[in-house]
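Every heavy atom of this structure was used, including side-chain atoms; hydrogens, water molecules and symmetry mates were not.
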Amino acid sequence: MDKKITILFACIIFLGLAVSAFVIGRSIERFRNEDRYISVRGFSEREVKADLAVWSLKLNVASDDLSEGSRLIDSAKTKAIQFLTHNGINSDEIIQKGLQVSDRKAKEYGSTGNTKELRYIITKIIQVRSNNVDNVQKVSRMTDELLRAGVVISSTEDWQGTGIRFVFTKLNEIKPAMLAEATGNAKNAALEFAKESNTNLGKMRKASQGLFTIVDRDEVSGAQAENNYYGSGISDLFKKVRVVVSVEYSIE
């Protein structure tokens, strides 16, 4: 009886060791298979047209008398608005910004001592926000008419953000298609790698999306951030939208 029990225990132990060896072997095999992977990138790019124009005109007048300066800046503002509306800019697309007065004599530093300089510099900013980007671009090239009418303007980039900006706001409409294209390009690269290395492409392990960037079509550097209308790379009517995705595939 004792001999039978001993044999039974021996069989149970042997069976347990065999099962354990099988499980460990499968685990090692699965670990090795799952540890083999490749990382690839996929790229997608679209050329798009801006759908929002933001144009700021800075009007400047100078005078030794504030009352006269107020009259001059009001006249310049009226002429500027008439110029815009006459050339197809709707009145509801025109925003009047605040008035700024600079007194040269009130400045502790920076006075040139030139008595011929007028005391007050008065600045008024008028901003145009329009979806009619083609018309805004056309009108922005006609500002010499304002100069001939005696209106001194500045429409160049400066610290106050004046100038003309073209913005693409419909990114969410093209995101899905661009992500699908970038992911498809990544998979094609992975398939080509697997083919060249005589392996089979397995399942996708992980994927990560880079930021969408919007740059001027002919710009080398600078970008409109994904959720930011302002910054560099927004002076061109046509843009390039780009995204890169990183994908990991297991290989078998």
Side-chain angles (χ1 to χ4, degrees), residues 13-54 131-134 136-137 157 161 163-252:
I13 293 171
F14 175 79
L15 182 62
L17 291 174
V19 170
S20 298
F22 175 79
V23 171
I24 292 172
R26 292 291 295 173
S27 297
I28 293 173
E29 181 183 355
R30 184 170 63 252
F31 171 77
R32 287 176 177 174
N33 287 336
E34 291 180 356
D35 192 52
R36 299 176 62 196
Y37 69 92
I38 57 172
S39 179
V40 290
R41 289 187 176 184
F43 176 77
S44 180
E45 182 178 88
R46 293 278 194 283
E47 184 173 307
V48 297
K49 185 177 181 179
D51 58 284
L52 173 65
V54 182
N131 297 116
N132 191 348
V133 293
D134 292 311
V136 174
Q137 184 183 58
E157 294 289 341
I164 188 165
R165 299 172 172 84
F166 294 105
V167 185
F168 179 67
T169 66
K170 299 180 179 179
L171 181 61
N172 287 336
E173 296 182 9
I174 63 174
K175 268 186 177 182
M178 290 189 67
L179 287 173
E181 180 181 20
T183 305
N185 289 337
K187 185 174 183 179
N188 289 337
L191 287 170
E192 184 64 25
F193 176 86
K195 179 181 177 182
E196 293 295 328
S197 58
N198 294 320
T199 57
N200 295 319
L201 191 67
K203 295 181 179 180
M204 181 188 297
R205 287 164 40 102
K206 183 171 64 175
S208 61
Q209 172 201 321
L211 284 177
F212 279 83
T213 59
I214 305 174
V215 300
D216 283 350
R217 179 174 58 183
D218 300 319
E219 186 170 283
V220 176
S221 62
Q224 173 190 319
E226 182 173 342
N227 297 312
N228 180 17
Y229 288 171
Y230 302 100
S232 62
I234 50 178
S235 61
D236 194 343
L237 185 58
F238 292 92
K239 314 290 179 184
K240 283 186 178 179
V241 183
R242 298 167 180 163
V243 68
V244 177
V245 298
S246 298
V247 185
E248 291 183 3
Y249 286 96
S250 60
I251 54 176
E252 301 169 353

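The CG atom of Leu171 lies 11.5 Å from the CZ atom of Arg46; values are rounded to the nearest 0.5 Å. The CD1 atom of Ile164 lies 7.0 Å from the CD atom of Gln137; values are rounded to the nearest 0.5 Å. Atoms CZ and NZ, from Phe168 and Lys240 in turn, are 15.0 Å apart once rounded to the nearest 0.5 Å. How far CZ of Arg205 is from OG of Ser250: 7.0 Å, rounded to the nearest 0.5 Å. From Ser39, atom OG reaches atom CZ of Phe193 across 11.0 Å, with rounding to the nearest 0.5 Å. Note that CD of Glu45 and CZ of Arg242 are 4.5 Å apart. Values are rounded to the nearest 0.5 Å.
A search for side-chain hydrogen bond (donor to acceptor under 3.5 Å, both in side chains) contacts involving Ser197 returns Thr199, not counting sequence neighbours. In this view, Lys49 and Asp134 satisfy the side-chain hydrogen bond (donor to acceptor under 3.5 Å, both in side chains) rule, not counting sequence neighbours. Residues passing the side-chain hydrogen bond (donor to acceptor under 3.5 Å, both in side chains) test with Glu192, sequence neighbours excluded: none.
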* To do: Under the side-chain contact (heavy atoms from CB on, under 4.5 Å) rule, what do Leu179 and Phe212 come out as? Steps first, then yes or no, please.
  => CA-CA 10 Å; Leu179 287 173; Phe212 279 83; 4.0 Å; yes
* Take Ile38 and Leu201 through the test side-chain contact (heavy atoms from CB on, under 4.5 Å) and record every step on the way to the result. => CA-CA 9 Å; Ile38 57 172; Leu201 191 67; 4.1 Å; yes
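Across all their heavy atoms, Tyr249 and Gly202 have their closest contact at CD2-O, 3.8 Å. When all heavy atoms of Lys239 and Ile214 are compared, the closest pair comes out as CB-CG2, 3.7 Å. For the pair Ala186 and Val247, the tightest heavy-atom approach, listed with the atom from each and the gap, is CB-CG2, 3.9 Å. Closest heavy-atom contact between Val244 and Phe43: CG2-CD1, 3.6 Å. For the pair Val245 and Thr183, the tightest heavy-atom approach, listed with the atom from each and the gap, is CG2-N, 3.8 Å.
With no hydrogens or angles considered, a side-chain donor-acceptor pair links Ser235 and Asp216 at under 3.5 Å.
Side chain of Ser44 to main chain of Val243: no donor-acceptor pair is present (N/O by atom type, distance under 3.5 Å, no hydrogens or angles). The backbone N or O of Asp51 lies less than 3.5 Å from a partner atom in the side chain of Asn131, making a donor-acceptor pair.
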